[in-house]
Amino acid sequence: MSDNGDRKLRDESLSDVLERIRAEEFPHIDREIVRELLRLHAEPDDDDLGRAVDELIFARTGA
Amino acid sequence: MLRLTRLRLTNFGPFKGEQSIDFPQEDGVTIIYGENMRGKTSLLNAIRFAFFGRILGRGRRDTALHKVGNWEEAAENKVFGFEVGLDMTHAGARYRLVRTFKPRPGVTEPKDDGDYVQDYFLERDGVVLSRGQSKTELERILPEQIARFFLFDGELLQEYEDLLVAESDMGPKISDAIERILGMPVLTNTRDSLTAAKERAENRHARAAQGDQKTREFGNQLAALQSERTVLQTDLERQEKDLDGLRTRKTGLEEAMRKMQRVMALFDKRDVLESDIKTLKEAVAGKKERLGGSMASAWCALLGDKMRAAITDLRARETQLQTVLIRTSVLASLAADGQTTCPACLQPVSDEARQHVQDSLAQHGGAAGADEQREVTAVRRRIAALEQFIGDANPQALRLEWDSIAQDERQIYAKGNEIKEIDAQIADVNEEAVRRTRSDLESVIKQISLLEQGLGKTREALHNNAVYRDNLQRKLDKFAGSGFEVERRRRDLAADLEALFVRGIDVFREQLRRKVEADATAHFLQLTSEPDYAGLRINDSYGLTIIHKDGSDIPVRSAGAEHIVALSLVGALQNNAPLRGPIIVDSPFGRLDATHTDKTVAALPSMAEQVVVLVYEDELAPARARAGLKGHLKAEWTLVRRSARHTELKPRKD
Amino acid sequence: MSKEKSVKPASGDKRTIGITRANEHSLAALVAAGGFGSELDAAKFAMAHAIEQGTEVGTIEGTNTKWNIGTVDADASLRALIESFYGAVAEPYRLIEYLINDGLRLLDSGDVPPNVIKLIPAAKLKRVEETADGTAD
């Protein structure tokens, strides 16, 4: 990995990393769902987590 | 990030009454000076207590809390228990945390922890939070598992250094803790969530297919495969857990075996010694028997000188007697009639002389020189006896035999002592236990092998399962039908999201490692005085190796070097954690020399925004600290002794 | 000059010799400490010690019967030895018995076993004059 690449990576936060991968490899996935997922999992232990994740997916795939 | 504002202590440890310390709100370092036993560790424990309701004693064990209350207050005023208050800011909010440890209602003379009750209150921006909210907030502000990276003392650094040794069992546990501090759990939790969501989508897809006559068969098969997958997954998890357990056990047994290797060697040595002693004893027995024979003539050796003197005398007497005997025989011939000349001297002999000799012979019974003859025989017999005895004596040979036996006996004694020493060392060791450990280890190794085979089979089965499901999935996909079309889309999205996060984890982890490595290296180079050190390299469990400037690893590190590597890692974690907080450290310089102390002092401000250091003056002289920190030094405090059990916190004014 | 004794013991001389009860402990200790093959060997050693220490002619009463003269001095060489040192005594075997017991008495030091090897003289490194034997070290 080049030095330049290193410096670029060094400054990337977690969401930056995910956004870059999304844009490069999974462009059909929208930005917002990734952000929502991160937000959901930042809180410790949500009982309804499974359902919340399913809802996120359902919203994008038609009911 | 978390920043402490004020610590309030009420009867905590040696801090009698109510005392507090304010922390500067600018970035920088606070130093608290106190001699050992004055309360430095108590301060650290007060913060631990405030956050987690626990304190640590020696060896990082929980310590009973009922002993923590100030003794003087208890003795003088019958005031028991204590309280710690902590004001802090985090993420823009002001928090006040108060945790108490008070005797139960009705208890006047509490004796142990059971007689007390602990409680705590958390306010955020002036509002008291509910119990549930308090718990969640505290957990978010400072999770207990990562507290070790914020609150630590010299002892922890030691433990930490041990953990940095790559293959220790604790390695994964601490790398988990490190990844937690670095924010990894969000990614891994999300990935796991998405895996579960994907499986749920697959189940729904199969059920939908079962609902349609055209696809029922496929749906059934798919549902069956999904059930199988769930079972296989459970099996896999169980097997992996068992394997983990077996591997831990194997490590433990190998450790025990290593210790026993030494013992087995001692056992062998002992056997050799016993055999030696047996041989020696047999030799001694033989020698003693021969000695018995030799000692028969030992008495001769005692009289050597006397015997030789006696022989001298006897020989003289013999000579005397022989002279007499010759003279007598001469005289006898003289006495015979008709002799007129002495046969010896050929002189004429007178008649009178001849008569005199005849009378003399008659007086003695006629036998000339009989007495002398008898005596000379006796003398010769005595000489012979004495010469024989002198010949028998051989004191040198006797001494040699004695010495040889004595030497053997000394060896027997020495080896006997060696055996005693060995016995003392192996006293605790049960030979039975040693054998059992060996067979246990062999058994565990076999079990691991079997389990690994089993795991291999399970993985293979899961793989096949996935292949079949995939085929079925593709077959199903050929069928149009809104019911499961939707489910298929959901499944695909979940799978893609899962893949996204899996990728994200790899990339982020690698990036984090590089970053931690770079930051740790930067700290390390600031702290070390060795010009040949180029930096640090990180491994999978966040262990750090020092790299020489020629590119090679430095394999063995001194205690001081380990100390500095640990500090470097802590600094790097602080720099990279989404969870930022103060570093409160007790005696970090204890094992460092002057040069490294200076470097560590200079590096402190870059390790965290708020740094609190507890030291004793010999460890770090105030002048040195001031020179090293300059403008970064924001406050100085001292722990002042009022009595053995009463310390006061005072700002340092000098 | 007294009459010479014949090889047979005089009518008054002892035919058996032994030790007193008091000396039994000393004899046992001497046998053990000296690694002697028999009590008789040890007894001779005690006798030699007494002679070497300058014990003069004497007698002792109350001895048991341990050894026959024939066993002790089959070829009368011991008698010859005694005569060499003490002259022609009337009862050489009574004297030998006395010397044995006196030697045992001298060697008796209570609980401490006698240091037998120390009593045996170390090798002489130089001999001033040669006498009958010229045995060097």
Side-chain angles (χ1 to χ4, degrees), chain A, chain B residues 135-140 143 180 182-201 203-204 482 485-519 575-576 578-579:
Chain A
M1 206 159 271
S2 71
D3 240 2
N4 242 339
D6 267 355
R7 220 175 294 123
K8 195 161 67 93
L9 280 174
R10 215 170 282 164
D11 294 325
E12 278 190 329
S13 73
L14 195 147
S15 39
D16 286 345
V17 165
L18 287 168
E19 174 49 31
R20 187 169 56 78
I21 296 171
R22 186 206 64 80
E24 285 172 15
E25 300 174 39
F26 301 90
H28 55 285
I29 298 177
D30 65 281
R31 195 178 297 198
E32 284 74 24
I33 191 175
V34 175
R35 255 207 304 264
E36 272 298 309
L37 282 167
L38 282 177
R39 197 173 68 85
L40 268 179
H41 290 86
E43 307 282 316
D45 249 336
D46 189 353
D47 288 333
D48 284 337
L49 194 56
R51 203 156 64 84
V53 170
D54 281 347
E55 272 169 19
L56 278 178
I57 292 175
F58 288 6
R60 281 149 180 83
T61 52
Chain B
K135 190 166 173 323
T136 312
E137 281 297 289
L138 272 181
E139 194 28 50
R140 200 215 317 272
R180 191 182 282 260
L182 297 173
M184 287 293 300
V186 173
L187 281 178
T188 49
N189 290 345
T190 310
R191 176 205 54 200
D192 293 342
S193 239
L194 289 166
T195 306
K198 185 184 74 174
E199 284 175 11
R200 282 194 301 275
N203 289 345
R204 285 192 306 266
S482 64
E485 181 68 31
V486 161
E487 291 303 343
R488 190 182 57 81
R489 274 207 299 276
R490 285 170 183 169
R491 181 199 160 272
D492 285 347
L493 179 56
D496 283 344
L497 282 166
E498 185 197 27
L500 171 73
F501 273 83
V502 164
R503 244 340 247 126
I505 286 169
D506 280 344
V507 171
F508 192 64
R509 180 173 269 154
E510 190 48 35
Q511 178 188 276
L512 261 183
R513 278 223 181 96
R514 293 282 139 259
K515 185 107 176 23
V516 167
E517 185 183 80
D519 288 347
N575 295 148
N576 286 282
L579 239 60

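Just so it is clear, the structure is predicted and the values come from calculations on it, not from any experiment. In what follows, every chain begins at residue 1, and chains take the letters A, B, ... in the order their sequences are listed.
Only the side chain of A/Ile33 has a heavy atom closer than 4.5 Å to any heavy atom of chain B. Heavy-atom distances place both the backbone and the side chain of A/Leu37 under 4.5 Å from chain B. With a 4.5 angstrom heavy-atom cutoff, B/Ala201 does not touch chain A via any of its atoms. Using a 4.5 Å cut-off between heavy atoms, B/Arg191 does not touch chain A at all. There is no contact between B/Ala196 and chain A, counting heavy-atom distances below 4.5 Å.
Checking B/Asp506, B/Leu512, B/Ile505, B/Val507 one by one against A/Val17, the side-chain contact (heavy atoms from CB on, under 4.5 Å) holds for a single residue, B/Val507.
In this structure, the separation between OG1 on B/Thr190 and CG on A/Leu40 is 8.5 Å, given to the nearest 0.5 Å. Atom NE2 of A/His41 and atom CZ of B/Phe501 lie 8.0 Å apart (nearest 0.5 Å). Once rounded to the nearest 0.5 Å, the distance linking CG of B/Leu493 with NE2 of A/His28 reads 7.0 Å. The distance from the CG atom of B/Leu500 to the CD atom of A/Glu24 is 11.5 Å, given to the nearest 0.5 Å.
Enclosure of atom CZ in A/Arg39 is not indicated, since only 12 or fewer non-hydrogen atoms of other residues, nucleotides or ligands lie within 6.0 angstrom.
Residue A/Asp54 comes nearest to B/Arg200 through the heavy atom pair OD2-NE, 2.8 Å, listed as atom of the first residue, atom of the second, then distance. Closest heavy-atom contact between A/Ile21 and B/Gly504: CD1-CA, 3.5 Å. Taking each heavy atom of B/Ser193 and A/Val53 in turn, the nearest pair found is OG-CG2, 4.0 Å. In terms of heavy atoms, A/Thr61 sits closest to B/Arg489 at O-NH2, 3.2 Å. Residue B/Asp496 comes nearest to A/Phe26 through the heavy atom pair O-CE2, 3.7 Å, listed as atom of the first residue, atom of the second, then distance.
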